[in-house]
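In what follows, a structure is listed as structure tokens, so that the remarks can point back to it.
Below, each value reflects all heavy atoms present in this structure, side chains not excepted, and no hydrogens, waters or symmetry copies. Everything numeric here is computed off the predicted structure, so don't read it as measured data.
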Amino acid sequence: MKEDPRTSSTPNQVGPGPACSKGNSDIFWIPGSSDAKIRSFASHQTIKRKTFLNLINYCHFNNRRVLLHLVGGHDTDILLAAQPHPSSQNQVRCQVPEARLSSFDGNLFLAHIAIDDGKSITVLPTGRIPVRQGLSVAIPVNYTPYRVIRRKAARYTARQIAATVRISDEELKGHLVEFSSAAWRIELEGADLEGIAFHDPAEPRNNVVITLCAEKGTSTLQARCRILRFWRDAERQGLVVEALEDAIPVFNKRKIRNPRISLTPPPVIRFTHPLSGNQVEIEAAEIGSSGFSVAGSPDETVLIPGLVIDRVELSFPGVPPIACSAQVVHRTDCPLGDRQKHRFGFAILDISIEGYTRLMRILQRTFEPCIRISPEFSSQGLWELFFDTDFLYPDKYALVQANREAFRNTHEKVTAGDPDVAKSFVYQKGNTIYAHIGLVRAYEQSWLLHHHSARPADGRLSGLLVLRHAMYFLNDIYRYPSAAMKYAICYFRPQNRFPRYAFGGFAEHLNEPGGCSLYEFAYTLWDKKTHVVCFPDGWWVTPMKENHINYIYARYSDSALRLLLDSMGMGSSPEATMALEGAYAKHGLIRTITRQILCYEDQIAGIVLINRSDPGLNFSDLLNSIHFIALPDAADVITPEAVRTAISIACTRYPQAPVPVLYFPARVCPSNKRYAYWALNVAYGDEFMVYMNEKFKL
């Protein structure tokens, strides 16, 4: 059988070859020269003529082409792609490309018209209808069409997917032509196939890495593959490969993973397949805060381990879809009935804080109905909890009562407004709130655990329950770039037994200063009337710049001080600080951070951190305060007068009086009141979850 080289790119291979790709002029199926040859390819079944007409019209509607099998004298045997016209009960009309017929001598006759859906080919025998050189040919429907089932896996045409093939030290460029759940066909551009030892038995044919990139240039899929075969025609060449790995982990395996649950009715997963552009919709078998799994036929989904999907919608009944990006990380067999299906696991790569919060609300209410995430509770009930549990004890209330309306308004924005910079968790039964813990984005990459208060709830340890669910919230969100989270921090009074045992105990247990550390600050309230404006000789203060923090980091890179500085955002770029301030401003909240250095002559002696926020964002105003950090090397030169002057100048930025000031190390200030500052690098979050589970059976 001859082929039209302008429409065919069939590789030189044995057997019938792959089918014609949908919507593409490339011809990969060679039907042979007779109806008997076609029927011999595989099992077939007859279909109704009306079904065939509907398929023709469906191709016309979607601008897809069909295949025309043309025969003639001198063993002429041609396969052409043609555009179908709307078809009626009596005839099928197809556009015949006149320019393509002009290169063939003699009379041509139409033997078959075929439609390829990727897995099967539907064929209409036509006898031998003369084909005139012109625009169309009418085909009386007086033959019985049938469907040929030829493949275990359907093939799909790729859409503008660049391919990079790395074979040992060779890197070849090309593009993906078509793919299935079993194999991919790649056309290579200008590659010298003969120059590569493909057929050398010693050559590791499995040592092939394929990278596929969509039009944006970002990696859509990278996988280790095995070469199945090579192909070449008059103008093009390439190879066919299959992926070797059924599992491509994205994140490290953890000892404690957030629960994954099966929901009824199940959520629906929707996305556009990045390789084909087809819409995929499938029910989730299980879902959790780090990913989900689906079960389905490989032909229906064409999910390949390693495949990155930029936008996936998780649709739950009665709520707007939740968008995320995800990657297929594993494929396992799961026979269901008489059909062989696979289970595919997805890891969520990124999700907005708003989307993650909505997902966590659904999941947490499923396995712990009494847990609520803001704004699913009454703020009035929360105030009652704070007073009843002595969280707002008389001395603390005396400090805030003058600004109680500002406190109330700020807390209303934080809880009822549901901003992406603050979250609250409560344990509520009926109308009564029994426990609360809050999360707030304190610094550029740090989230603060605060306002933890609880009372008995029918024998249940409600305080531990809200802590557990706050940890569930943090346990996955730190992986997502949108969260901008690398550190979890907490302030507490050293005499408070629970945080000292839980947070301080873990720092001691881990014994890794870069992973988790505890720092003791002295605390005072600065009276703004005590105003000092003149530095002692040789002392001065200036805004912190990149070269300053680089110098500090170089000197203290191996000390526990590094975690303190990192968790307070000392190395953050101005753009990151502005983004944090903008995130608060979007919800009508104030959050500004100014960093200065205190110097003696040419030596950096300390850091002045000026935090501004709305009253009530933190009840102790620790995010509306000044932090002074004396550097270890300056212990011999730093003076109380220099520190007081730096603090006094910083206090002019605050409208309220007095201004909270925290000093580290605590010996810098003679105050007896102390706050412990706990910092955790969330890369050690799994160890912390294990520790908390062992100590408190979370």
**Item:** Donor-acceptor contact below 3.5 Å, side chain Y584 vs main chain R441
**Value:** yes
**Message:** For F503 and W678, take the angle between the two ring planes, folded into 0 to 90°, and tell me which bin it lands in: parallel under 30, tilted 30 to 60, perpendicular over 60.
**Reply:** tilted
**Prompt:** More than 12 non-hydrogen atoms from neighbouring residues, nucleotides or ligands closer than 6.0 Å to NZ on K673, yes or no?
**Reply:** yes
**Item:** Cationic tip of K423 above Y356 ring, under 6.0 Å, 45° of axis
**Value:** no
**Message:** Looking only at the side chains, is there a donor atom on one of E581 and T592 sitting less than 3.5 Å from an acceptor on the other?
**Reply:** no
**Prompt:** Hey, are S289 and N258 close enough side-chain-wise for a donor-acceptor pair under 3.5 Å?
**Reply:** yes
**Request:** Test the R591-Y443 pair against the cation-pi criterion, namely NZ or CZ under 6.0 angstrom from the six-membered ring centroid and within 45° of the ring axis.
**Result:** yes
**Request:** Kindly compute the distance separating CD1 (I322) from CE (M360), expressed to the nearest 0.5 Å.
**Result:** 11.0 Å
**Prompt:** Is it true that R254 and E687 have a side-chain N and a carboxylate O under 4.0 angstrom from each other?
**Reply:** no
**Message:** Could you tell me if R612 sits above the aromatic ring of Y654, with its cationic atom closer than 6.0 Å to the ring centre and no more than 45 degrees from the axis?
**Reply:** yes
**Message:** Check this for me, if you would: do E354 and R358 make a salt bridge, where the nitrogen-to-carboxylate-oxygen distance has to be below 4.0 angstrom?
**Reply:** yes
**Message:** Between Y501 and F696 (judged by ring centroids, cut-off 6.0 Å), do the two rings come close enough to count as a pair?
**Reply:** yes
**Item:** Parallel, tilted or perpendicular, as decided by the 30° and 60° cut-offs, for the rings of Y677 and F521
**Value:** perpendicular
**Item:** Whether R365 side chain and I373 backbone form a donor-acceptor pair below 3.5 Å
**Value:** no
**Message:** Please tell me whether S482 and D350 have a donor and an acceptor in their side chains that are separated by less than 3.5 angstrom.
**Reply:** yes
**Prompt:** Charged N to carboxylate O under 4.0 angstrom, K486 versus E444?
**Reply:** no
**Plane angle bin for W539 and Y600 - parallel if under 30°, tilted between 30 and 60°, otherwise perpendicular** = tilted
**Prompt:** At what distance, to the nearest 0.5 angstrom, does CD1 of I371 lie from CD of Q428?
**Reply:** 10.5 Å
**Side-chain (Q364) to main-chain (H469) donor-acceptor, under 3.5 angstrom** = yes
**Residue from W383, Y393, F387 passing ring-ring contact (aromatic ring centres under 6.0 Å, His included) with F619** = W383
**Prompt:** Do we see a donor-acceptor contact under 3.5 Å between the side chains of D566 and Y553?
**Reply:** yes
